[in-house]
**Q** 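A single structure is presented below for examination.
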Amino acid sequence: MEPQSPITQDVLTIPRKLPEGKQNLVGLTRAGLKEALLAAGTKEKQAKMRVNQIWQWIYHWGVRDFADMTNLAKDYRAMLERNFVIELPKVVQKLVSEDGTRKYLVKIAGGHEVEVVYIPEDDRGTLCISSQVGCTLTCSFCHTGTQKLVRNLTASEIVGQIMMARDDLGEWPVPGAPKDETRLLSNIVLMGMGEPLYNFENVRDAMKIAMDPEGISLSRRRITLSTSGVVPGIARTAEEIGCLLAISFHATTDETRDVLVPINKRWNIEQLLEALASYPNLSNSERITFEYVMLAGVNDSDEDAHRLIDHIKRHNIPAKINLIPFNEWPGSPYKRSSNNRIRAFANIIYQAGYASPIRKTRGDDIMAACGQLKSATERARKSRKEIAAEAGL
Ligand code: SAH
Ligand code: SF4
């Protein structure tokens with residue numbers, strides 16, 4: 001038996017209530033879709049084919065209306081219409097930054113809101129999606145961490161964020177048109193609100209749908225899951241999702257990491273590094289990203305940089321280190337390290353033979369930057385005093 005953690009993950013996922021008891025098909029796995037179609041009267045013999053057809057309509061063509069599923073008989077379409085819907089979370093606000101970053105505020109069942117950010121770059125477009133409303137964890141530098149966990153998102157709400165963004169980008173294929181290989185939405189990062197490994201099944205099912213070659217068809221190498229260090233979830237991610245991994249590392253001693261990323265009290269740096277070292281398929285092309293937020297005077301010394309390299313080398317982990325200039329938010333208890341300090345830190349890492357890109361802050365003018373996501377409407381807030389106490393200030 002594992003000792004009980006003070007950090008719990010047993011929060012309910014509350015499914016969306018639908019009109020007239022209709023079931024939403026978005027977010028069902030292939031097996032789940034088959035079950036739903038059988039329950040609605042589809043013949044066993046035909047079920048596999050119907051799953052394939054409907055799957056392609058929803059996830060390849062982006063169709064929302066059963067009437068448009070032209071390779072299905074009329075009666076069958078009517079049956080689908082009676083029993084099911086194809087529904088996405090609703091966009092209630094969209095902000096576009098000077099640099100082209102788009103932030104969507106999305107409403108889900110229960111009236112809660114989550115944020116989704118689209119970041120266009122020259123050779124790719126990355127969508128940063130959320131896995132929970134709020135977060136159970138309380139990383140002291142993170143704005144989401146000041147918001148209590150409201151609930152886990154369903155698989156439907158997670159994959160729905162991707163579909164919603166494709167809608168907004170106008171990126172569903174047009175029948176008959178030549179296949180466009182350049183994708184506006186080419187990469188997914190699970191770096192929005194919430195800890196994805198505390199909502200494992202829903203995140204897994206949603207990512208499986210996003211990777212399915214008959215649908216959205218994103219390569220597993222274009223999906224990065226970021227975790228604060230839920231150690232048992234790391235091996236499971238490799239086995240059941242197979243995507244790339246990023247770790248919110250942020251500190252090089254347990255003493256500091258206990259404060260910045262309190263889950264460190266449950267699984268410390270050494271346990272975390274061991275789990276990372278055994279992440280399979282570790283090769284140079286699938287390196288683990290160490291995310292490291294630069295906080296003035298807290299974790300940004302030369303000694304920290306050397307210790308960080310030492311940790312990674314000691315465990316022989318193919319890694320790149322992504323330095324994130326701290327994004328301040330109203331009431332945040334830290335300051336961003338100076339540009340000179342960040343460059344000096346990056347240089348030590350680079351000299352040791354590791355890539356050390358400094359993350360460009362995108363969408364700062366619309367509060368879309370890393371760690372700034374937090375729904376403005378949430379009332380369950382911690383006080384400034386609580387935040388300061390947790391940060392040990
Ligand atoms: N819960 C997951 C994923 C969401 S956070 C995790 O912690 O990894 C995505 C990234 O943004 C993490 O590396 C997180 O540490 C970082 N982050 C959070 N707040 C930030 C802030 N204010 N400035 C810069 N990065 C921040
Ligand atoms: Fe949660 Fe990640 Fe923010 Fe920590 S950094 S509070 S795990 S969202």
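Read the numbers this way: they start at 1 and go in the same order the structure lists the ligands and their atoms.
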**Q** Is the closest side-chain donor-acceptor distance between Thr256 and Asn299 under 3.5 Å?
**A** no
**Q** I'd like to know if the side chain of Gln161 reaches the main chain of Ser130, judged simply by a donor and an acceptor atom lying under 3.5 Å from each other, with no hydrogens or angles considered.
**A** yes
**Q** Counting heavy atoms only, which part of Glu291 comes closer than 4.0 Å to ligand 1: side chain, backbone, both or neither?
**A** side chain
**Q** Ion pair present between Glu81 and Lys74, side-chain N to carboxylate O less than 4.0 angstrom?
**A**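 So Glu81 does not pair with Lys74 through a salt bridge.
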**Q** List every atom of ligand 1 that sits less than 4.0 Å from any heavy atom of Cys142, numbering the atoms from 1 in the order shown and giving each element.
**A**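 Those qualifying, in numeric order: 18 (C), 19 (N).
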**Q** How does Phe141 reach ligand 1, by side chain, by backbone, by both or by neither, if only non-hydrogen atoms under 4.0 Å count?
**A** both
**Q** Suppose we measure from atom 1 (Fe) of ligand 2 to each protein heavy atom; which comes out shortest, and what is that distance?
**A** Cys135 SG, 2.3 Å
**Q** How far is atom 2 (Fe) of ligand 2 from its nearest protein heavy atom, and which residue and atom is that?
**A** Gly194 O, 4.5 Å
**Q** Ion pair present between Lys360 and Asp99, side-chain N to carboxylate O less than 4.0 angstrom?
**A** no
**Q** Side chain of Arg257, backbone of Phe249: donor and acceptor closer than 3.5 Å?
**A** yes
**Q** Which atoms of ligand 1 are found less than 4.0 Å from any heavy atom of Ile324?
**A**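 That gives atoms 24 (C), 25 (N) of ligand 1.
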**Q** Any idea which part of Thr227 is under 4.0 Å from ligand 1, heavy-atom wise: side chain, backbone, both or neither?
**A** backbone
**Q** Salt bridge or not between Glu44 and Lys34? Use side-chain N to carboxylate O under 4.0 Å.
**A**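 Salt bridge flag = yes for Lys34 with Glu44.
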**Q** Please report the interatomic distance OH(Tyr292) to OG(Ser337), rounded to the nearest 0.5 Å.
**A**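 Output value for this atom pair is 9.0 Å.
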**Q** If the cut-off is 4.0 Å to any non-hydrogen atom of Trp329, which atoms of ligand 1 fall inside it?
**A**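 Matching atoms, with element in brackets: 22 (N).
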**Q** I'd like to know if Gly192 contacts ligand 1, where contact means a heavy-atom distance under 4.0 Å to any ligand atom.
**A** yes
**Q** Non-hydrogen atoms of His250 versus ligand 1: any pair closer than 4.0 Å?
**A**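 Yes, His250 has heavy atoms under 4.0 Å from ligand 1.
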**Q** Got a salt bridge between Arg221 and Glu286, using NZ or NE/NH1/NH2 to carboxylate O under 4.0 Å?
**A**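 The answer is yes: the pair qualifies as a salt bridge.
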**Q** Determine whether the side chain, the backbone, both or neither of Cys139 has a heavy atom under 4.0 Å from any heavy atom of ligand 2.
**A**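 Both backbone and side chain.
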**Q** More than 12 foreign heavy atoms under 6.0 Å from CG of Asp122: is that the case here?
**A**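 Atom CG in Asp122 is not packed in, count stays at 12 or less.
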**Q** Can a donor-acceptor pair be found, under 3.5 Å and without considering hydrogens, that links the side chain of Thr289 to the backbone of Lys320?
**A** no
**Q** Which ligand 1 atoms, with their elements, are less than 4.0 angstrom from a heavy-atom of Phe326?
**A** 21 (C), 22 (N), 23 (N)
**Q** Show me which atoms of ligand 2 lie under 4.0 Å from any heavy atom of Ser228.
**A**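 Numbered from 1, ligand 2 contributes 7 (S).
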**Q** Will you find, in the side chains of Glu195 and Ser131, an N or O donor that is under 3.5 Å from an N or O acceptor?
**A**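 The criterion, which ignores hydrogens and geometry beyond distance, is not satisfied for Ser131 and Glu195.
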**Q** Any N or O on Gly194 sitting closer than 3.5 Å to an N or O of ligand 1?
**A**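 Yes; at least one N/O pair falls below 3.5 Å.
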**Q** Taking distance alone, with N or O pairs closer than 3.5 Å, would you say Arg359 contacts ligand 1?
**A**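 No, no N or O pair falls under 3.5 Å.
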**Q** Would you mind listing which atoms of ligand 2 come within a distance below 4.0 Å of any non-hydrogen atom of Leu137?
**A** 6 (S), 7 (S)
**Q** N/O/S atom of Cys142 under 2.8 Å from atom 1 (Fe) of ligand 2, yes or no?
**A**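 Given the 2.8 Å cut-off, Cys142 does not count as a ligand of atom 1 (Fe) of ligand 2.
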**Q** Over 60° means perpendicular and under 30° means parallel, so classify the ring planes of Phe326 and Tyr334, tilted if in between.
**A** perpendicular
**Q** Only heavy atoms of Ser248, strictly under 4.0 Å: list the atoms of ligand 1 that pass.
**A** 6 (C), 7 (O), 8 (O), 12 (C), 13 (O), 14 (C), 15 (O)
**Q** Nearest to atom 22 (N) of ligand 1 by heavy atom, Leu225, Val230, Asn327, Thr289: which?
**A** Asn327
